[in-house]
Every structure is written in structure tokens, then in C-alpha cells.
Student: 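Sharing a structure with you now.
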Amino acid sequence: MTGSSSDAKLPYSLDKLSWDSAHHFNTQNKYGYAGKGRKLGDAMLQCETCLQWFHAREVSCLTDADVFVPFQRNYRFACRICAGG
């Protein structure tokens with residue numbers, strides 16, 4: 001999602017984030033719609049389009065009954081920015 005106008009909807013630029021080799025953590029510690037930090041065991045979903053990680057509590061399609069194993073990606077998820085709303 002390089003140079004996308006969708007970056008304006010985030011409080012940080014995806015293009016400026018520096019990621020580890022597995023694309024699990026960025027050195028700026030900015031994730032999700034609010035740009036909040038991440039801890040190792042946080043429930044997160046990775047957007048399959050922009051590859052950014054989003055806190056499960058920020059994703060409205062999830063219920064309290066939904067359970068996630070950290071870093072397991074056995075789902076398809078597009079953030080609301082990449083999905084257009």
C-alpha cells in the first residue's frame with residue numbers, strides 16, 4: 001500500500017514503518033487504526049492487503065467469543081481502509 005491516499009486515515013504513514021523480517025513488529029510500535037503499541041500476546045489481525053496488524057478490539061466484526069492465537073493467520077481479513085469503508 002505504498003503511497004496510498006488511504007494513509008491519511010491513519011495517524012501514521014505505513015510507508016514510514018520499519019518491519020522485522022517476519023513482518024510481525026515495526027520499530028515505531030504503531031499498529032491498528034489508532035497507532036497504538038503492541039505487546040507479544042495481543043490478539044491482532046493482519047490485513048491481507050496492506051499487511052498492517054490491527055488490534056482485535058478495533059475490529060467490529062468480531063465478538064467476545066472469537067478467540068485468536070497470536071501470529072496465527074488462518075483467516076482472511078481486509079482492514080476498513082483497504083476494503084473501502
Side-chain angles (χ1 to χ4, degrees):
M1 196 162 115
T2 303
S4 170
S5 61
S6 296
D7 285 357
K9 296 182 181 182
L10 296 172
Y12 54 91
S13 173
L14 290 175
D15 296 339
K16 305 264 189 237
L17 300 179
S18 300
W19 292 91
D20 64 1
S21 62
H23 203 88
H24 288 157
F25 294 96
N26 63 65
T27 57
Q28 294 80 7
N29 201 26
K30 303 242 182 242
Y31 304 91
Y33 300 113
K36 302 230 179 209
R38 177 182 192 179
K39 294 182 183 138
L40 188 58
D42 286 350
M44 307 281 286
L45 289 96
Q46 187 179 34
C47 176
E48 65 182 356
T49 304
C50 69
L51 301 179
Q52 176 57 303
W53 290 90
F54 293 84
H55 298 275
R57 65 183 173 274
E58 296 179 306
V59 179
S60 61
C61 64
L62 299 175
T63 68
D64 290 337
D66 292 321
V67 178
F68 286 88
V69 176
F71 304 107
Q72 187 172 356
R73 293 183 285 182
N74 60 343
Y75 56 84
R76 294 193 69 183
F77 169 71
C79 71
R80 66 178 176 237
I81 295 166
C82 292

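All heavy atoms count here, side chains included; hydrogens, waters and symmetry mates do not. A quick note: this is a predicted structure, and the numbers were derived from the prediction, not measured.
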Student: Going by the salt bridge (charged side-chain N to carboxylate O under 4.0 Å, His left out) test, which pairs reach into residues 18-33, not counting sequence neighbours?
Tutor: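 Found none.
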Student: Apply side chain to side chain contact (heavy atoms under 4.5 Å, CB included) to the pair Phe77 and Val59, showing each step before the final yes or no.
Tutor: CA-CA 10 Å; Phe77 169 71; Val59 179; 3.8 Å; yes
Student: Can you tell me how far apart CG (Leu10) and OH (Tyr33) are? Round to the nearest 0.5 Å.
Tutor: 8.5 Å
Student: Within the structure provided, determine whether Gln52 and Ile81 are in side-chain contact (heavy-atom separation under 4.5 Å).
Tutor: no
Student: Check for a donor-acceptor pair, side chain of Tyr31 on one end and backbone N or O of Asn26 on the other, with a separation under 3.5 Å.
Tutor: yes
Student: For a side-chain contact (heavy atoms from CB on, under 4.5 Å) with Asn29, tell me which candidate from Arg38, Lys39, Lys36 qualifies.
Tutor: Arg38
Student: State, to 0.1 Å, how close Gly35 and Pro11 come at their nearest heavy-atom pair, and which atoms those are.
Tutor: N-CG, 3.9 Å
Student: Holding to salt bridge (Lys or Arg N to Asp or Glu O under 4.0 Å), I want the full list of residues that pass it with Glu48, two or more places apart in sequence or in another chain.
Tutor: Arg76
Student: For residues His23 and Gln46, determine if any side-chain heavy atom of one lies less than 4.5 Å from a side-chain heavy atom of the other.
Tutor: yes
Student: Ser18: what forms a side-chain contact (heavy atoms from CB on, under 4.5 Å) with it, not counting sequence neighbours?
Tutor: Thr27, Gln28
Student: Could you grab the distance from atom CG of Leu14 to atom SG of Cys82, nearest 0.5 Å is fine?
Tutor: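 SG of Cys82 is found 8.0 Å from CG of Leu14.
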Student: Answer whether the closest heavy-atom distance between the side chains of His55 and Met44 falls below 4.5 Å.
Tutor: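 Touching, per the 4.5 Å side-chain cut-off.
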